[in-house]
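Everything below concerns the one structure shown next.
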Amino acid sequence: MCIEKENKDFKNPIEYKLEKKDGNARAGVIQTPHGEIKTPVFMPVGTQATVKAMTREELEEINSQIILGNTYHLYLRPGDDLVNDFGGLHKFMRWDKPILTDSGGFQVFSLGDLRKIKEEGVHFRSHLDGSKHFLSPEKSISIQNNLGSDIMMVLDECPPGLSTREYLIPSIERTTRWAKRCIEANRNKDKQGLFAIVQGGIYEDLRDKSFEELYEHDYGFAGYALGGLAVGEPREDMYRILKYSTPKLPENKPRYLMGVGEPVDMLEAVEHGIDMMDCVQPTRIGRHGTVFTKYGRLVIKNAIYSRDDRPLDEGCDCYACKNYTRAYIRHLFKAGEILGQRLATYHNLYFLLKLMDNAREAIIDGRFKEYKEEVLKNYAMGKE
Ligand SMILES: CNc1nc2cc3nc[nH]c(=O)c3cc2[nH]1
Ligand SMILES: [Zn+2]
């Protein structure tokens, strides 16, 4: 039972309104300073102030409601101070809908040459030029303030997927201390929301520990993310934790699952009550010629498609599927033509945004279970 705890000295700029539940699946609306987001929602990742290969107009065309910016990358290049001088990320990249920025921690752990995790923060070397840098909770908030995102993430440690309890327990406790420091550092309390990140690996009791420690400061958080998943743990462990932890998150705030973007996993997450997801997969695999279809993934460079006059996905009404054949898009990839990467990216993003839109409709109509079963049955058939 989550008891409402509000700190009256500031209003969270992020408001969540639950519209309909169907089991634990939920449809809702998130109000942000840059407009509303209908959930469940997929968030395309725009790492370096661009969703790779997509223009802003194309992102609007496919009804993208919110995009992600990566703090680590933008801090290193072009610099959060430069972005701030141009009025923040919205103005710099001409995106006037909501933006969520991560804390930079995950990229430091996965990209930067991590020197050491200390109580005060992480020392690392840039993956660009090896220069030395330091990221603390306060520094992360300052960078995200400069970027002017609508939703900021706390600086946390995302332990490797199968970390032991002995490693996880002190890591969770430091992540909680860092989260508290982020609240204190978030000077624009009325301009940007701050999400907490629940850790705890694949252990239910450690998930409870992490959440309860963070919920102590619920007044400072506009939403809750489930971190520490999709980092190499077995799928059944991720599903078990999703089923256990998601329904325990506050009902009146957005719930964000970090790093998930495979159709089957997304519907599993929605079933347990997740509202928001992000993942680089759809854009990354798109650039390499793998696309999502109703009947599973399809690798367009495969010779079997050389004379295939069907669209990438026969059930899709996106620009790429309405105008081009598999044969043509395969040719573009074989010829190294950039348009191939653009069309595959466009389609993959459209596919996931549509999947979430259809899930939202199914929840509102009270038929989510049937919807999920239908999608999984077809997806498991493998591409025809
Ligand atoms: C691709 N999978 C994945 N991307 C993630 C990003 C994250 N950021 C902060 N904290 C996390 O725990 C975290 C977990 C993640 N899993
Ligand atoms: Zn399509």
Side-chain angles (χ1 to χ4, degrees), residues 43 45 47 58 61-63 68-73 100-111 122 135 137 140 144 151-161 163 168 171-172 174-175 178-179 182 195-202 206-207 210-211 214 224-233 235 237-238 241-242 245 256-262 265-266 269 274 276-286 291-295 298 300 310-326 329 342-355:
M43 304 184 283
V45 177
T47 297
E58 286 162 344
E61 228 168 69
I62 62 174
N63 297 319
L68 234 86
N70 283 132
T71 295
Y72 168 84
H73 290 278
L100 181 148
T101 46
D102 67 3
S103 68
F106 187 77
Q107 252 80 33
V108 164
F109 298 144
S110 50
L111 268 181
V122 286
L135 186 66
S140 176
Q144 295 181 75
I151 299 176
M152 302 185 289
M153 302 307 292
V154 294
L155 179 66
D156 64 331
E157 182 193 1
C158 172
S163 297
L168 283 168
S171 168
I172 289 166
R174 178 175 52 222
T175 283
W178 282 2
C182 286
F195 277 25
I197 304 178
V198 178
Q199 293 293 345
I202 58 173
L206 298 187
R207 286 280 163 183
S210 178
F211 171 68
L214 292 166
Y224 288 80
L226 285 183
L229 295 172
V231 282
E233 76 285 357
R235 178 167 262 131
D237 290 325
M238 179 171 86
I241 293 300
L242 271 176
S245 289
Y256 166 22
L257 174 59
M258 306 183 88
V260 168
E262 187 64 40
D265 298 340
M266 292 169 68
I274 289 291
M276 308 159 75
M277 278 166 268
D278 85 282
C279 189
V280 294
Q281 277 292 69
T283 36
R284 182 175 297 165
I285 63 171
V291 294
F292 295 127
T293 78
K294 183 178 176 185
Y295 299 109
L298 179 154
I300 196 62
R310 291 173 293 178
L312 289 174
D313 182 9
E314 293 190 274
C316 182
D317 59 353
C318 85
Y319 168 79
C321 293
K322 280 194 296 199
N323 289 283
Y324 301 103
T325 63
R326 291 171 179 180
I329 296 174
R342 278 179 36 73
L343 293 173
T345 298
Y346 186 106
H347 165 79
N348 277 357
L349 287 177
Y350 183 91
F351 186 93
L352 294 188
L353 293 168
K354 195 84 183 151
L355 184 80

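Atoms within a ligand are numbered from 1 in the order they appear, just like the ligands themselves.
- Side-chain N or O atoms of Asp102 include one that pairs as donor or acceptor with a backbone N or O of Thr71 at under 3.5 Å.
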For ligand 1, list all ligand N or O to protein N or O distances below 3.5 Å, rounded to 0.1 Å.
residue	atom	partner	partner atom	Å
ligand 1	2 (N)	Ala230	O	2.9
ligand 1	10 (N)	Asp156	OD2	2.8
ligand 1	12 (O)	Gln199	NE2	2.9
ligand 1	12 (O)	Gly228	N	2.7
ligand 1	16 (N)	Leu229	O	2.7

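- Under a 3.5 Å cut-off, the side chain of Asp313 and the backbone N or O of Lys294 do form a donor-acceptor pair.
- Taking the six-membered ring for Trp and thresholds of 30 and 60 degrees, His347 and Phe351 have ring planes inclined between 30 and 60 degrees apart.
- Under the rule for a ring-ring contact (aromatic ring centres under 6.0 Å, His included), Phe106 has no partner lying at least two apart in sequence or in another chain.
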Go through Tyr256 and Asp278 one step at a time and tell me if the side chain to side chain donor-acceptor pair (under 3.5 Å) criterion holds.
CA-CA 8 Å; Tyr256 166 22; Asp278 85 282; 2.8 Å; yes
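- With 3.5 Å as the limit, one finds no donor-acceptor pair spanning the side chains of Ser210 and Gln199.
- In the model, Asn70 has a side-chain atom that pairs as donor or acceptor with a side-chain atom of Thr47 under 3.5 Å.
- Under the 6.0 Å cut-off for aromatic ring centres, Tyr350 and Tyr319 do not qualify, their centroids lying 6.0 Å or more apart.
- Taking the salt bridge (Lys or Arg N to Asp or Glu O under 4.0 Å) definition, one finds that Glu58 meets it with Arg342, sequence neighbours left out.
- Neighbours of the Zn ion (ligand 2) restricted to protein N, O or S atoms under 2.8 Å: the count is 4.
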